[in-house]
There are 2 protein chains.
Amino acid sequence: MTKRTKRSPRSSSETTTRAATARVPKVASAPLRPKPAANRAEKSAERRAAIVEAAMEEFIARGFAATRLDDVAKRAGVAKGTIYLHFTDKESMFEELIRTAIVPLIGNITMAPPGGSVRETIERFAATFIHEVVSTRRGDIIRLIVAEGPRFPAIADFYFREVVSRGLAGITALIQLGVASGEIRQKELARFPQLLVAPAIVAVIWQSLFARHAPLDAIEMFKVHLDLIFGERRTT
Amino acid sequence: MTKRTKRSPRSSSETTTRAATARVPKVASAPLRPKPAANRAEKSAERRAAIVEAAMEEFIARGFAATRLDDVAKRAGVAKGTIYLHFTDKESMFEELIRTAIVPLIGNITMAPPGGSVRETIERFAATFIHEVVSTRRGDIIRLIVAEGPRFPAIADFYFREVVSRGLAGITALIQLGVASGEIRQKELARFPQLLVAPAIVAVIWQSLFARHAPLDAIEMFKVHLDLIFGERRTT
DNA sequence: TGACAATGACTGACCAGTCAGTCATAATGA
DNA sequence: TCATTATGACTGACTGGTCAGTCATTGTCA
């Protein structure tokens with residue numbers, strides 16, 4: 001019921017921990033040293049980070065229902081009980097994980113440096129997305145949301161509010177900019193910003209399911225897609 | 001191990017079954033009456049169909065791991081043991097379900113009447129797809145494949161072989177036709193047929209996750225998408 | 001009546017969540 | 001500075017419940 005209100009981990013110095021095992025400086029008064037990483041709070045934060053990392057891995061590999069917390073604990077190098085010091089239960093753990101995993105995406109997405117043409121902006125954005133999401137484990141998180149969303153309305157809601165609606169709003173603005181400047185012919189595109197990102201979504205899914213059957217050059221595909229919207233690309 | 005090879009259910013008269021409980025006519029010779037459905041084979045087929053139907057429902061709602069066969073049995077109006085007369089175990093049941101659920105899709109997809117322009121053909125095809133898949137439970141099956149695919153390589157493989165590669169091949173052919181006839185400007189599109197279907201995939205996902213937040217007119221979206229490919233549509 | 005289909009109580013493995021006990025670290029005081 | 005006490009993070013054996021799969025019994029058709 002009552003959620004623990006640990007603050008999220010700030011520092012994450014992993015290697016130093018082992019190095020400092022032998023002796024712990026007894027600076028009783030000053031909490032001025034964030035680096036050496038050996039006091040209680042920091043260790044706890046590190047463990048939490050390890051749990052989060054391990055849980056992410058397991059959830060991605062097996063889905064929510066099939067993931068065993070015993071396995072998560074083992075992977076994190078921690079006893080099962082420890083998990084419950086950081087999370088109330090499996091379900092809220094899952095939800096919290098998805099939430100925190102998504103947040104950094106928003107940061108990257110919303111910052112859209114307005115330099116250059118609309119096409120350039122979108123191209124840059126798409127390259128970032130493909131590089132940071134499609135080709136990494138974050139893509140799996142998106143797949144995870146698609147997979148578990150219907151069973152976790154809270155997650156679907158959160159994702160819609162924080163990512164989808166904002167992202168689409170930003171893209172709509174970009175499209176309108178492009179229409180105004182004459183770069184984009186098709187005015188109707190602004191009504192369906194989903195069309196612009198659709199290839200990226202498909203790339204994520206393809207990556208998870210079919211990459212080993214037929215690899216897909218997401219960047220190149222997206223360029224062709226942009227050619228459809230902006231007209232033939234000049235040969236680079 | 002050994003798969004049972006019952007043929008798929010043909011007749012499905014559900015209400016009549018209950019109505020006919022009291023007395024069963026003894027027409028031993030003539031199998032000319034498909035409706036009353038009371039001999040052994042037919043009853044068995046009906047039960048199997050009920051199980052398949054119920055299992056589909058449960059798997060879509062909960063995913064593979066979280067689905068209880070007790071619930072499937074209850075929903076199908078059957079004892080749990082009966083399920084094991086038709087399927088070896090939960091896993092092979094799931095795989096077989098997905099396979100048989102997908103087959104009808106192929107039928108609908110491959111039949112592409114070549115009348116009219118390429119755009120018309122694609123438009124007709126898309127309308128069918130959206131009507132038959134996006135707006136129905138078959139869309140959920142696609143989502144289910146996305147969700148469970150990584151854990152069931154056999155399913156991902158099957159799906160790629162039987163649906164994705166064939167579908168994309170057909171679409172590639174259509175695109176090349178369009179390029180040859182001058183309807184499609186962008187030759188490169190043939191390299192990424194995924195681009196043509198991407199909006200449909202996105203529509204499926206949107207439907208499952210976000211429809212209640214923001215309904216999406218898939219048909220209209222697809223038309224705008226085709227306008228990008230074929231040029232502005234003439235006002236109907 | 002014989003053959004086969006259907007049943008559902010039962011088994012055993014599995015797993016989320018608990019909690020009494022341990023021990024490294026922090027606090028206190030002399 | 002060192003000894004003593006207090007703290008609370010961490011552990012992992014344990015519990016209660018769940019559920020896939022089985023099989024002896026019962027029902028039904030030909």
Side-chain angles (χ1 to χ4, degrees), chain A residues 1-2 4 6 9 17-18 20-31 33 36-51 55 58-59 62-94, chain B residues 1 4 6 17 20-31 36-51 55 58-59 62-94:
Chain A
M1 281 297 161
T2 49
R4 274 164 186 266
K6 284 262 173 57
T17 308
R18 179 150 295 284
T21 23
R23 217 56 177 88
V24 176
K26 287 189 190 162
V27 267
S29 58
R33 278 209 246 162
N39 62 24
R40 224 117 133 175
E42 280 176 28
K43 267 202 158 182
S44 174
E46 262 170 34
R47 299 207 148 191
R48 191 195 158 91
I51 292 168
E58 293 288 325
F59 280 136
R62 305 201 204 298
F64 175 79
T67 289
R68 287 166 299 219
L69 291 196
D70 282 296
D71 289 350
V72 172
K74 199 181 294 174
R75 185 188 276 261
V78 146
K80 186 154 63 144
T82 307
I83 292 175
Y84 288 90
L85 299 175
H86 294 271
F87 301 93
T88 37
D89 60 7
K90 194 185 177 189
E91 201 166 312
S92 60
M93 178 188 184
F94 181 68
Chain B
M1 279 300 163
R4 275 162 184 268
K6 287 261 172 59
T17 309
T21 26
R23 215 60 176 83
V24 176
K26 287 186 190 166
V27 267
S29 59
N39 63 25
R40 222 123 142 178
E42 278 177 30
K43 268 203 157 181
S44 174
E46 263 171 34
R47 290 189 166 220
R48 191 195 157 91
I51 291 169
E58 293 287 326
F59 280 136
R62 305 199 205 299
F64 175 79
T67 290
R68 286 166 299 217
L69 291 196
D70 283 296
D71 289 350
V72 172
K74 197 180 294 173
R75 185 189 277 261
V78 146
K80 187 158 61 151
T82 307
I83 292 175
Y84 288 89
L85 297 175
H86 293 271
F87 301 93
T88 39
D89 60 6
K90 194 184 177 190
E91 201 166 311
S92 61
M93 178 189 185
F94 181 68

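So that the names make sense, note that chain A is the first sequence line, chain B the second, and so on, each numbered from 1.
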Filtered N/O pairs between nucleotides 12-16 of chain D and protein, under 3.5 Å:
none

Check your understanding: Counting side-chain heavy atoms from CB outward, which of C/dA6, D/dG21, C/dG17 is closest to B/Leu85?
Key -> C/dA6

Review point. When you measure from the side chain of A/Lys90, which nucleotide among C/dG17, D/dC10, C/dA6 comes out closest?
Key: C/dG17

Check your understanding: When the distance from CZ of B/Arg68 to C1' of D/dG21 is rounded to whole Å, what number comes out?
Key -> 16 Å

Check your understanding: What is the distance from CG of B/Asp71 to C1' of D/dC19, rounded to the nearest Å?
Key -> 10 Å

Study note, to complete from the structure: Rounded to whole Å, NZ of A/Lys43 lies from P of D/dC10 at a distance of 9 Å

Check your understanding: Between A/Phe94 (CZ) and C/dA16 (P), how many Å, whole number?
Key -> 14 Å

Check your understanding: In whole Å, what is the span from the NE2 atom of B/His86 to the P atom of C/dA5?
Key -> 9 Å

Review point. Which pair of non-hydrogen atoms, one from A/Asp89 and one from A/Tyr84, has the smallest distance, and what is that distance?
Key: CA-CE2, 4.0 Å

Point to revise | Min side-chain heavy-atom separation B/Arg62-B/Asp71 under 4.5 Å | key: yes

Review point. Would a 4.5 Å heavy-atom cut-off, applied to side chains only, mark A/Ile51 and A/Phe87 as touching?
Key: yes

Exercise for review: Take the protein atom CD of B/Glu58 and the nucleotide atom P of D/dC19, then report the distance between them rounded to whole Å.
Suggested key: 11 Å

Check your understanding: Only one of B/Arg75, B/Lys74, B/Arg68 clears side-chain contact (heavy atoms from CB on, under 4.5 Å) with B/Glu58; which?
Key -> B/Arg75

Point to revise | Atom-to-atom span, CZ of A/Arg48 to C1' of D/dA9 - whole angstrom | key: 15 Å

Revision key, fill the gap. Shortest non-hydrogen pair, B/Ile83 vs B/Leu69, comes out as CD1-O, 3.7 Å

Exercise for review: Could you tell me the separation between the CE atom of B/Met93 and the C1' atom of D/dG21, rounded to a whole number of Å?
Suggested key: 13 Å

Check your understanding: Do you know the tightest heavy-atom contact between A/Met93 and A/Ala55?
Key -> CE-CB, 3.2 Å

Check your understanding: Is the phosphate of C/dT7, meaning OP1 or OP2, less than 4.0 Å from a side-chain N or O of B/Arg47?
Key -> yes

Check your understanding: Which atom names give the shortest non-hydrogen contact between B/Ala73 and B/Ala79, and what distance separates them?
Key -> CB-C, 3.9 Å

